[in-house]
Protein chains: 2
Amino acid sequence: MGIIKVGIDMSNIREIAKRAGIGIATVSRYLNDNGYVSEESKKKIQKVIEELNYTPNALARAVFTKNSKTIGLMVPNISNPFFNQLASVIEDYAKNMGYNIFLCNTDDDKEKEKNYLEVLKSHRVAGIIASRSQCKSEYSNINIPVVAFENHILDNIITVSSDNYNGGRMAFEHLYSKNCERILQIRGPKSFEATELRFEGFMDAAKDKGVEVSFIEFQSDFQVEMLEADINSMNDISQYDGIFVFNDIAAATIMRSLKKRGVTIPNQVKIIGFDNSFIGELLYPSLTTINQPIEEIGRTIVELLIKQINGDEVAVKDYILQTKLIERETTLSLEI
Amino acid sequence: MGIIKVGIDMSNIREIAKRAGIGIATVSRYLNDNGYVSEESKKKIQKVIEELNYTPNALARAVFTKNSKTIGLMVPNISNPFFNQLASVIEDYAKNMGYNIFLCNTDDDKEKEKNYLEVLKSHRVAGIIASRSQCKSEYSNINIPVVAFENHILDNIITVSSDNYNGGRMAFEHLYSKNCERILQIRGPKSFEATELRFEGFMDAAKDKGVEVSFIEFQSDFQVEMLEADINSMNDISQYDGIFVFNDIAAATIMRSLKKRGVTIPNQVKIIGFDNSFIGELLYPSLTTINQPIEEIGRTIVELLIKQINGDEVAVKDYILQTKLIERETTLSLEI
DNA sequence: ATGAAAGCGCTAACAG
DNA sequence: CTGTTAGCGCTTTCAT
């Protein structure tokens with residue numbers, strides 16, 4: 001058994017200094033563009049750096065400065081277009097602020113999240129964005145700033161979310177205004193605070209109008225595997241004339257099931273989703289939905305996190321961003 | 001201007017050793033589970049670690065071992081379901097092998113890729129997966145193992161891809177077998193080797209049958225913004241009875257355009273995509289497409305990369321994985 | 001303007 | 001089985 005050679009050999013700052021015939025500290029100053037470095041030294045250093053194709057070791061730097069310039073982003077499911085778009089927005093904002101993203105896919109699985117939390121801690125990320133967290137106490141003794149999205153974690157952790165409750169109300173009111181009478185709600189898993197609030201808003205609005213609403217519960221957000229199996233419990237689906245689905249991608253799977261059964265949308269049944277992710281515009285008919293302000297959510301999360309990272313005072317509270325109705329074809333009154 | 005406190009204070013191995021009343025090396029041995037540590041010491045260490053909520057600093061460890069246990073993954077567009085699924089597969093395999101993923105979204109932009117390449121180098125990632133790279137010489141003086149997906153980078157870099165050429169041929173042959181006569185191909189940007197090969201395969205197969213094929217070119221993979229604007233140059237779309245689109249998500253946008261114009265699929269026009277990403281099953285009618293073996297691609301890439309990381313001899317060559325036709329509703333012969 | 005030296009948190013000989 | 005020590009690549013006083 002020979003020795004396995006692992007890892008990368010790259011020249012270091014000492015090598016650069018030696019070859020440039022100057023001191024190590026000067027090179028460091030040059031690299032960080034702070035302190036004084038003579039033009040002559042600059043030229044010499046630059047030359048050697050190019051010759052050796054040298055890149056400073058961000059790890060070693062982070063060990064010393066205790067600032068990794070990295071943000072850990074936990075998403076439950078990168079295949080869900082909504083989280084997908086959110087991750088892109090967050091990546092962009094973070095990059096603008098000089099931070100890189102360490103992306104973690106938790107699959108809404110508590111164990112995976114716990115493991116990733118350890119990974120992020122061990123990598124000394126500057127901050128963590130925990131979306132739809134399934135953990136609580138795991139975050140209690142953490143020394144790292146955290147911003148939660150959707151699910152609350154602990155009292156001392158800021159939570160950002162859309163106004164899901166009112167989104168749910170709007171969804172009902174829209175179906176109601178379209179004269180739907182036999183209404184079904186597909187609700188999300190109980191462990192998703194956001195979809196719970198959508199559920200409650202929808203139900204409360206229905207109660208206000210004295211309308212009864214049936215509902216069935218999905219056990220997960222969206223898995224590619226869901227496409228392989230038919231959605232069961234959907235046998236009696238044709239009795240409804242209005243369906244609210246807890247998110248757009250799940251709505252897409254429902255629409256597919258309906259169309260397979262020959263149910264026409266929006267003629268026989270009207271559909272409304274939630275998120276306003278790009279999938280809704282791709283569907284036919286295009287999906288009426290409740291907009292979550294993705295850009296604003298991403299910006300808010302990153303700003304709040306970086307404020308905390310910088311040690312600024314930030315009031316710990318809920319940041320709730322407005323939702324609004326996006327009317328498209330799945331709830332058209334006329335036949336299409 | 002006060003001093004901005006940045007970064008995380010976390011206890012270190014010396015603190016643990018002191019509190020446990022033992023030496024620093026013993027703690028290190030305990031942490032890495034190598035070398036001998038007495039039961040008594042183990043207990044004491046464990047206790048202190050829990051009290052202080054200590055997590056070893058992976059950065060400091062990586063500086064010394066020169067092994068970050070991290071793989072950099074460049075994807076052109078995480079919003080494209082295909083790359084989305086591929087990233088998930090790669091993440092899973094990598095995690096099984098003890099590696100974390102540093103995800104970078106290049107947007108098919110050379111400058112972004114260059115920047116990310118610097119970031120990955122500076123973070124001393126153990127290896128890099130460069131999918132659809134827009135760079136060449138930037139990879140030449142790199143000391144890090146690289147595996148390319150789709151686009152070739154340099155002679156000494158392994159490239160993995162699907163059999164895009166034959167996929168293109170299959171696509172034509174399928175439309176031909178469905179009696180399509182006025183065929184259009186939507187081809188991808190010229191800088192995508194994979195879609196170029198699909199284009200050539202399709203064209204060659206058409207030539208073999210003596211069929212003329214029109215084509216138009218998309219300038220990008222898929223952007224959410226494409227949904228806001230209508231696809232232009234599509235005015236005369238109704239004259240075709242068979243369309244091949246270079247990937248599934250672009251096919252989805254085309255289908256949407258067609259449906260908006262009242263063109264019926266597959267009655268008036270048959271559509272075939274490429275990728276077999278989950279979007280195809282979500283569409284209605286469901287999309288006939290060419291399968292790329294995502295699982296196998298992901299596994300192959302990770303295995304080849306880790307072999308190189310471990311210093312094993314790996315022949316530098318092209319790994320081309322088989323494609324196959326997935327027949328669904330957009331090319332049905334009967335009306336639906 | 002510059003370099004020597006100490007130290008960030010960790011690992012790995014090596015001597016006991 | 002354990003602790004001392006040197007050193008990974010970097011930053012930062014501090015004296016020159």
Side-chain angles (χ1 to χ4, degrees), chain A residues 3-45 48-49 52-69 121-126 143, chain B residues 3-45 48-49 52-69 121-126 143:
Chain A
I3 290 179
I4 298 174
K5 190 188 153 292
V6 172
I8 305 96
D9 264 335
M10 220 178 234
S11 40
N12 57 29
I13 201 173
R14 211 159 1 247
E15 178 88 12
I16 306 292
K18 204 173 75 188
R19 297 212 188 200
I22 56 174
I24 190 178
T26 308
V27 179
S28 175
R29 276 191 292 268
Y30 171 84
L31 257 20
N32 294 289
D33 199 21
N34 60 12
Y36 301 98
V37 180
S38 68
E39 279 308 318
E40 205 194 325
S41 296
K42 277 186 189 173
K43 282 212 185 68
K44 282 193 281 189
I45 296 170
V48 179
I49 284 181
L52 267 55
N53 199 250
Y54 168 75
T55 306
N57 187 329
L59 268 29
R61 184 176 286 175
V63 169
F64 188 91
T65 62
K66 296 185 193 301
N67 190 350
S68 64
K69 283 286 184 183
K121 279 164 75 176
S122 73
H123 280 256
R124 299 297 190 265
V125 293
N143 283 315
Chain B
I3 291 179
I4 298 174
K5 193 191 150 288
V6 172
I8 303 97
D9 263 333
M10 220 180 237
S11 38
N12 58 27
I13 202 172
R14 212 157 3 245
E15 177 88 14
I16 306 290
K18 204 172 75 186
R19 296 213 189 198
I22 56 176
I24 190 179
T26 308
V27 178
S28 176
R29 277 190 292 267
Y30 171 85
L31 257 19
N32 294 290
D33 199 21
N34 61 10
Y36 301 99
V37 180
S38 69
E39 280 308 318
E40 205 193 323
S41 295
K42 278 187 187 170
K43 282 211 184 71
K44 282 193 282 189
I45 298 170
V48 179
I49 285 181
L52 268 54
N53 199 251
Y54 168 76
T55 307
N57 187 329
L59 268 30
R61 186 177 283 173
V63 169
F64 187 91
T65 62
K66 296 184 191 302
N67 190 349
S68 63
K69 282 288 184 182
K121 279 163 75 176
S122 73
H123 281 255
R124 299 297 191 266
V125 294
N143 283 315

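Throughout, protein chains are lettered first and strands after them, A, B, ... in sequence-line order, and every chain is numbered starting at 1.
Nearer the 5' end of DNA chain C, as judged by each residue's closest nucleotide, is the contact made by A:V37, out of A:V37 and A:A60.
Residues B:L31 and B:Y54 are in side-chain contact: their nearest non-hydrogen atoms beyond the backbone lie under 4.5 Å apart. Contact of the B:N53 side chain with the A:N143 side chain is not registered, since no non-hydrogen atoms from C-beta on lie closer than 4.5 Å. Within the 4.5 Å cutoff, no side-chain heavy atoms of B:K44 are placed close to those of B:T26. When side chains are defined from C-beta on, B:Y30 does not count as touching B:I16, because their heavy atoms never get closer than 4.5 Å.
A:Y30 has no side-chain polar atom (N or O) that falls below the 4.0 Å cut-off from OP1 or OP2 of D:dT11. Dashed line: the shortest gap from a side-chain N or O of B:S28 to OP1 or OP2 of C:dT11 is under 4.0 Å. At the phosphate of D:dT2, OP1 or OP2 sits under 4.0 Å from a side-chain N or O atom of B:S38. Side-chain nitrogen and oxygen atoms of A:Y36 include none within less than 4.0 Å of the OP1 or OP2 phosphate oxygen of C:dG3. Listed pair B:N57 / C:dC8 fails the phosphate criterion, with no side-chain N or O lying under 4.0 Å from OP1 or OP2. For the pair B:T65 and C:dT11, the criterion of a side-chain N or O lying under 4.0 Å from OP1 or OP2 is not met. Between B:K42 and the phosphate of D:dC1, there is no side-chain N or O to OP1/OP2 separation shorter than 4.0 Å. Side-chain N/O atoms of B:R124 include none lying less than 4.0 angstrom from OP1 or OP2 on D:dC8.
The neighbour count for A:K69 NZ, taken as heavy atoms of other residues, nucleotides or ligands under 6.0 Å away, is above 12.
Residue B:I22 is classed as a sugar-phosphate contact, given heavy-atom separations below 4.0 Å to backbone atoms only.
Residue A:F64 places its side chain closer to D:dT12 than to any other of D:dT12, C:dG9, D:dG3. With D:dG9, D:dC10, D:dT12 as the candidates, the nucleotide lying closest to the side chain of A:A25 is D:dT12. Taking the side chain of A:P56 as heavy atoms from C-beta on, and the options C:dC10, D:dC10, C:dA4, the nearest nucleotide is D:dC10. The side chain of A:R14 lies closest to D:dC8, out of D:dC8, C:dG9, D:dT12. Comparing D:dT2, D:dT4, D:dC10 against the side chain of A:I13 picks out D:dC10 as the nearest. Counting only heavy atoms from C-beta on, B:K66 has its side chain closest to D:dC8 among D:dC8, D:dT4, D:dC10.
As a whole-Å value, the separation of B:K44 NZ from D:dT2 C1' is 11 Å. Distance CD (A:E39) to P (C:dT2): 10 Å, rounded to an integer number of Å. One interatomic measurement links the two molecules: CZ of B:R29 to P of D:dT4, which rounds to 12 Å at whole-angstrom precision. Remark: P of C:dC10 and CG of B:N67 are 17 Å apart, rounded to the nearest angstrom. Look at CD1 on B:I16: it is 12 Å from P on C:dG9, rounded to the nearest Å. In this structure, the CG atom of B:D33 is 13 Å from the P atom of C:dA12, given to the nearest Å. As a whole-Å value, the separation of B:L59 CG from C:dT11 C1' is 15 Å. Remark: P of C:dC14 and CD1 of B:I24 are 19 Å apart, rounded to the nearest angstrom.
Minimum heavy-atom separation, B:A126 to B:N67: CB-OD1, 4.2 Å.
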